[in-house]
Amino acid sequence: MTPFQITFLGALGVLLYFLVYGILYKSDVESYFNCNRQLNRMEFGSSFAAASTSLATVLFFFVTLGLENGLYILISPLSYLVGILIFNKYILPKLQIYRYAEGNETEQISVGSTLGLFMEQRFGSKWVKIMISLITMLGIISILLIELYVGVDIFNIFIKPQYREIALVLIAVVVFAYTGLGGLNTVVKTDRIQFGFMLLVAFGIVIWLCIFKPSVTFADFFPAPIPLSEGLLLKWPLFFNMVIVNILLIPSLLRNWQLIAATRDYSEVGKGLMSGFVLTAVISALFVVLGILFFNVFPQTELSLNGILSSMAASNDKIVSMILLPLLFMACLMALLSTVDSSLLPVVQSISCDFGKAHIGRRRYLMITGLLLVLTIGIYWIVFKLLKFELIEWLYTIFSLVTISSPAIILGCIGNETVLQKRGVRIGTIIATVVGLILALLISYIGNVMGNIWFIQLNTPIAALIDSLILFIVYKVNS
């Protein structure tokens, strides 16, 4: 058998395994979103890490940017830690006070079990709920787009470019099907398998690369610091983007709120977030080192994941082409599936609970999942075919879509309920968030037209600053 045939069979095995697992796992309506089940810290942490270790934002992002910035790029997970510490200290205790995850004995989905419903409860406004739910769902769907884009790209080693849409539909159908069938139970179980497999494969490839005794130096891992006028270890636009995005990311991701509701034990949530950070930091560092070593040993490799896979496929070393290539491809595919399913299910829950009745049933959940499949593929065509966004430009754009609602969410968690429910605060929250969203998208669009990646990277810092400033003024005036 050829390396491509072995790799293709491995990929097919991964897709079939996930699909069959979702079909066979019986999840009733009551446990579909895990509302009455207590996840432990390890399940929380592994699912959090697997969802955070995406094909686009970790495997692609750290492998490529690590070459230019070395291990300084780990400022990203370190600022993620800052966001987690802030969440654990200031927001998690408030969720416990307001009984976010306790649930209602007479309901399958409690008042506080989704972010949207919790914000409606805090602000006393369905319009705030609708705004936050729609924007957070938009951010999640944007993550689905970038994962599908990179996922289809790695299939280029098998198929011709004109057939890449076939791979897109195949991957999307599988992941949407097993997620829609199995619910959060399926997602959590497969997340543990995916992350463990990816960790072992990455570690194995790093060890294999070390056998070649690559001529790397200290400067490859820690480049000479750039002048302070240009940045702090990283260029200023990239530095601010990473720090602001990662600090704001924890409260804005719907999957975190779903996991909190499924865990219910707030001490386990805090510990689960910390263990998830450790796992995410380890795998991020591994892929930075993997990229630096790989491009040192194989300097002619194209600067992309697809380039690495193609280089491994062309290798005369049978261990590389017949063993490591299939394993790395399967790990990449698992990373794609894990991020997509962890993004998809919270959207299904939000649509079901924030905009409908929680008791609509598993068949209706599957129908919602199918509609999201069609919607995601349609938006994929608009973004990458019609608007002609490139991968890296859209990657920085989705950061703003995901995090722009965070200032309003944080205010809703820590603010005084009496003040929050004043008419001026409600209206001001909606205006501030919408202004921030429009500003972020406008900066991204202008930067894309100009071909200026530094300009695009400033979209989240600028939009979040304006958004937060408006919210601060509105809250103080109404206090």
Side-chain angles (χ1 to χ4, degrees), residues 25 27-53 80-122 136 182-196 249-281 338 341-343 345-346 348-350 352-354 358 406 409-410 412-414 417:
Y25 197 97
S27 177
D28 55 26
V29 175
E30 287 76 13
S31 66
Y32 188 84
F33 296 124
N34 251 351
C35 290
N36 299 313
R37 179 172 180 260
Q38 291 188 351
L39 296 180
N40 58 49
R41 75 184 71 172
M42 291 309 298
E43 289 174 316
F44 189 108
S46 61
S47 187
F48 177 87
S52 301
T53 310
Y80 207 29
L81 173 62
V82 175
I84 290 174
L85 293 174
I86 293 174
F87 187 88
N88 284 348
K89 182 172 179 60
Y90 296 104
I91 297 180
L92 198 57
K94 295 292 185 180
L95 299 186
Q96 185 170 8
I97 293 173
Y98 303 135
R99 301 174 61 83
Y100 167 76
E102 268 62 14
N104 188 318
E105 295 297 332
T106 63
E107 299 181 23
Q108 293 166 2
I109 306 295
S110 70
V111 169
S113 63
T114 70
L115 172 61
L117 291 175
F118 182 60
M119 289 295 103
E120 180 181 27
Q121 176 184 322
R122 295 290 294 145
T136 50
L184 187 59
N185 289 300
T186 299
V187 171
V188 170
K189 298 301 182 185
T190 53
D191 277 349
R192 297 182 67 180
I193 297 170
Q194 174 267 326
F195 188 84
L249 203 55
I250 301 300
S252 63
L253 287 177
L254 288 176
R255 68 163 185 254
N256 293 337
W257 293 87
Q258 186 177 40
L259 288 174
I260 293 171
T263 306
R264 296 178 66 175
D265 186 331
Y266 297 97
S267 64
E268 289 289 288
V269 171
K271 295 171 184 175
L273 284 170
M274 291 302 296
S275 64
F277 156 74
V278 172
L279 294 174
T280 303
S338 179
D341 63 30
S342 299
S343 302
L345 192 62
V348 177
Q349 184 183 27
S350 184
S352 303
C353 303
D354 297 344
S406 285
I409 294 170
I410 294 171
C413 291
I414 66 176
E417 189 169 298

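Computed from a prediction, not measured in an experiment: that's the story for all the values here. For the numbers below, each heavy atom of this structure counts, side chains included, while hydrogens, waters and symmetry mates do not.
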Any idea which heavy atoms bring Thr280 and Ala49 closest together, and the distance?
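Heavy atoms of Thr280 and Ala49 come nearest at OG1-CA, 3.5 Å.
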Specify the closest pair of heavy atoms between Gln258 and Pro346, including all atoms of both residues, with the distance to one decimal.
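Between these two residues, the closest heavy atoms are OE1-CG, 3.3 Å.
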Quick check for you: to the nearest 0.5 Å, what is the distance between [X] atom [atom1] and [Y] atom [atom2]?
X: Leu92; Y: Tyr266; atom1: CG; atom2: OH; answer: 8.0 Å
X: Gln121; Y: Tyr98; atom1: CD; atom2: OH; answer: 9.5 Å
X: Glu120; Y: Thr114; atom1: CD; atom2: OG1; answer: 9.0 Å
X: Leu273; Y: Ile84; atom1: CG; atom2: CD1; answer: 5.5 Å

Ser352 (side chain) donor-acceptor with Val348 (main chain) under 3.5 angstrom
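Yes; judged by distance alone, with no hydrogens or angles, the pair exists.
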Main chain of Trp257, side chain of Tyr100: is a donor-acceptor contact present, judged purely on distance under 3.5 Å?
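Yes; judged by distance alone, with no hydrogens or angles, the pair exists.
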Output, in order, the C-alpha distance, side-chain angles, deciding distance and verdict of side chain to side chain contact (heavy atoms under 4.5 Å, CB included) for Thr136 and Ser350.
CA-CA 10 Å; Thr136 50; Ser350 184; 5.5 Å; no
How about [X] and [Y]: do any of their side-chain heavy atoms sit closer than 4.5 Å?
X: Asp354; Y: Gln349; result: no
X: Cys413; Y: Leu95; result: yes
X: Leu85; Y: Met274; result: yes
X: Leu259; Y: Ser47; result: yes

What pairs of residues pass the side chain to side chain donor-acceptor pair (under 3.5 Å) test when at least one of them lies in residues 83-95, not counting sequence neighbours?
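Qualifying pairs, neighbours excluded: none.
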Check side-chain contact (heavy atoms from CB on, under 4.5 Å) between [X] and all other residues, then give those that pass, not counting sequence neighbours.
X: Ile410; value: Ile91, Leu248, Pro251, Ile414
X: Asn256; value: Phe48, Ile250, Leu253
X: Ser46; value: Arg192

Sequence neighbours excluded, which residues qualify as side-chain hydrogen bond (donor to acceptor under 3.5 Å, both in side chains) partners of Glu268?
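For Glu268, the residues satisfying side-chain hydrogen bond (donor to acceptor under 3.5 Å, both in side chains) (neighbours in sequence not counted) are Arg41.
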Kindly write out the residues that satisfy side-chain hydrogen bond (donor to acceptor under 3.5 Å, both in side chains) with Arg255, not counting sequence neighbours, or none if the list is empty.
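Here the qualifying residues are Ser52.
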Taking atom types as modelled, find out whether Asp265 and Ser267 have a side-chain donor-acceptor pair closer than 3.5 angstrom.
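Yes, side-chain donor-acceptor contact under 3.5 Å.
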